[in-house]
2 protein chains.
Amino acid sequence: MLSNSLAYAIKALIYISHNSSETERITLKEVSDSTEVPKPYIAKILQDLVRNNVLHSIKGPNGGFYFSEEGLDISLLQVVHILEGPDKYNKCLLSLKDCNASSPCPLHDNIGQVRVELLKRLEQITFRQLMQHKKSVDLF
Amino acid sequence: MLSNSLAYAIKALIYISHNSSETERITLKEVSDSTEVPKPYIAKILQDLVRNNVLHSIKGPNGGFYFSEEGLDISLLQVVHILEGPDKYNKCLLSLKDCNASSPCPLHDNIGQVRVELLKRLEQITFRQLMQHKKSVDLF
DNA sequence: ATATTTAAAGACCTTTTTATCTTTTTTTAT
DNA sequence: ATAAAAAAAGATAAAAAGGTCTTTAAATAT
Ligand code: FES
Ligand code: FES
């Protein structure tokens, strides 16, 4: 239901949310080792998140990534939009041109409802919430 | 949320459900033309469905595909299993080894619920139901 | 200033998904 | 028997997703 890249991103962001601050940055290597996502691959994803101001990064000794205060309030949906584009989860399930209640395809009123619920939840969940989850500390 | 192939399969099966019977078979060409799915691609999918007894097919003049009576009661979930394997929608969203309520990852209790709901609906919906949908006749 | 540490960028490779083409087999009509 | 119609099978190709490697740029400590 969620792509590989998105699952990796969420894991990495949960990890960073716990272990970083503006003064205590976390290195790529540490993120990669802890989350068990290949280093160059998670690097690509984190770069994308930095470009989109979810994370900040500092180069050089003692450099690394950190989650800004604002970043913690970013929703999962915003991360989906950054990594997979705004159309993800926003098209007719049978690829009809229009998807709306006035001319619904046979899936619109049943599977489509699940999609609406998914979008709603992705929009509600922030990293500030996720980092408070009991298991998120010993996820890795 | 649903793969390309699955959406194609569902469209094709809805079309076949309306236009075929054991004596009135429908050709690959007609399915492809009507659903606007590339012929060789939908052929592969239909072959897979025939091998798994969702459809039957007859070669030669007046041959084609048809939906057996039993086939109409097959659920969308069964089609998912045939086309994408039994693991689809059945793994932890963050790829942890076990996914269960006793040791849930941070997504298990929110996004995970959506997945449960999706599975439930995929399991409930049959082609007999879909073919009764008002729009399914002029979908194509 | 220099060397070291670290992320950024971009080129490259592999696998999976999506799509096409060609040949073979089966069935039917003549 | 023969020809035509149609699905089955398999080889191939293109695109996207997933993953790796190398070089460059920036920051810091010495
Ligand atoms: S019309 Fe198909 S999902 Fe809305
Ligand atoms: S433990 Fe991750 S979705 Fe169930």
Side-chain angles (χ1 to χ4, degrees), chain A residues 1-12 16 19-20 22-33 35-68 80 82-85 87-88 91 95, chain B residues 1-12 16 19-20 22-33 35-68 80 82-85 87-88 91 95:
Chain A
M1 203 161 60
L2 307 182
S3 73
N4 218 330
S5 292
L6 184 63
Y8 283 171
I10 294 172
K11 279 170 94 167
I16 296 171
N19 296 285
S20 78
E22 190 160 354
T23 48
E24 288 276 334
R25 297 125 191 180
I26 186 164
T27 67
L28 186 59
K29 183 173 187 335
E30 194 179 340
V31 175
S32 166
D33 287 351
T35 59
E36 293 177 332
V37 178
K39 195 160 74 165
Y41 192 32
I42 193 66
K44 282 290 170 59
I45 293 170
L46 294 184
Q47 279 163 33
D48 211 349
L49 294 170
V50 167
R51 271 192 297 276
N52 286 277
N53 295 306
V54 177
L55 295 177
H56 291 181
S57 68
I58 303 280
K59 293 180 185 178
N62 300 315
F65 299 89
Y66 63 96
F67 227 133
S68 63
V80 170
I82 290 167
L83 297 180
E84 335 231 13
D87 285 351
K88 185 86 186 201
K91 296 167 304 186
S95 309
Chain B
M1 203 161 60
L2 308 182
S3 76
N4 218 332
S5 292
L6 184 63
Y8 283 171
I10 294 171
K11 280 170 93 167
I16 295 171
N19 296 283
S20 77
E22 190 161 355
T23 50
E24 288 276 335
R25 299 124 191 179
I26 186 165
T27 67
L28 186 61
K29 185 176 185 334
E30 194 179 340
V31 175
S32 165
D33 287 352
T35 59
E36 291 177 330
V37 177
K39 195 160 71 165
Y41 192 34
I42 193 66
K44 282 292 166 61
I45 293 170
L46 294 185
Q47 277 164 34
D48 212 350
L49 294 170
V50 167
R51 270 191 296 276
N52 286 277
N53 295 305
V54 177
L55 295 177
H56 290 181
S57 69
I58 303 278
K59 294 180 182 179
N62 300 315
F65 298 89
Y66 63 97
F67 227 132
S68 63
V80 170
I82 289 167
L83 297 180
E84 336 230 14
D87 285 351
K88 185 89 188 200
K91 295 167 305 186
S95 308

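Values reported hereafter were calculated over all heavy atoms of this structure, with side chains retained and with hydrogens, waters and symmetry mates removed. These numbers come from a predicted model, not from an experiment.
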> Would one find a side-chain N or O of A:R51 under 4.0 angstrom from OP1 or OP2 of C:dA9?
Replying inline: yes
> Given C:dA29, is OP1 or OP2 found less than 4.0 Å from the side-chain N or O atoms of B:N62?
Replying inline: yes
[X] has an atom [atom1]; how far is it from atom [atom2] of [N], in whole Å?
X     : N      : atom1 : atom2 : answer
B:Q47 : C:dT20 : CD    : P     : 15 Å
A:I45 : C:dA9  : CD1   : C1'   : 16 Å
B:E24 : D:dA6  : CD    : P     : 13 Å
B:Y66 : C:dT27 : OH    : C1'   : 13 Å

>> Return a single string for nucleotides 18-27 of chain D, one symbol per nucleotide in 5' to 3' order, where B is base contact, S is sugar-phosphate-only contact and - is none, cutoff 4.0 angstrom on heavy atoms.
In response: SBBB----SB
>> Would the distance check show the side chain of A:S57 and the main-chain N or O of A:G64 forming a donor-acceptor pair, the cut-off being under 3.5 Å?
In response: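 Not confirmed, A:S57 side chain does not pair with A:G64 backbone.
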>> How close do A:L6 and A:E84 get, counting heavy atoms only, and between which atoms?
In response: CB-OE2, 3.4 Å
> Going by the salt bridge (charged side-chain N to carboxylate O under 4.0 Å, His left out) test, which pairs reach into residues 39-48 of chain B, not counting sequence neighbours?
Replying inline: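 Every pair satisfying salt bridge (charged side-chain N to carboxylate O under 4.0 Å, His left out) with a residue in residues 39-48 of chain B: B:D48-B:R51.
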> NA contact type, B:I26, heavy-atom cut-off 4.0 Å: base, sugar-phosphate, or nothing?
Replying inline: sugar-phosphate
> Mind checking who C:dC12 pairs with, Watson-Crick or G-U wobble, both distances under 3.5 Å?
Replying inline: D:dG19
>> Nearest to the side chain of B:T27, heavy atoms from C-beta on, is which of D:dA7, C:dA9, C:dA8?
In response: D:dA7
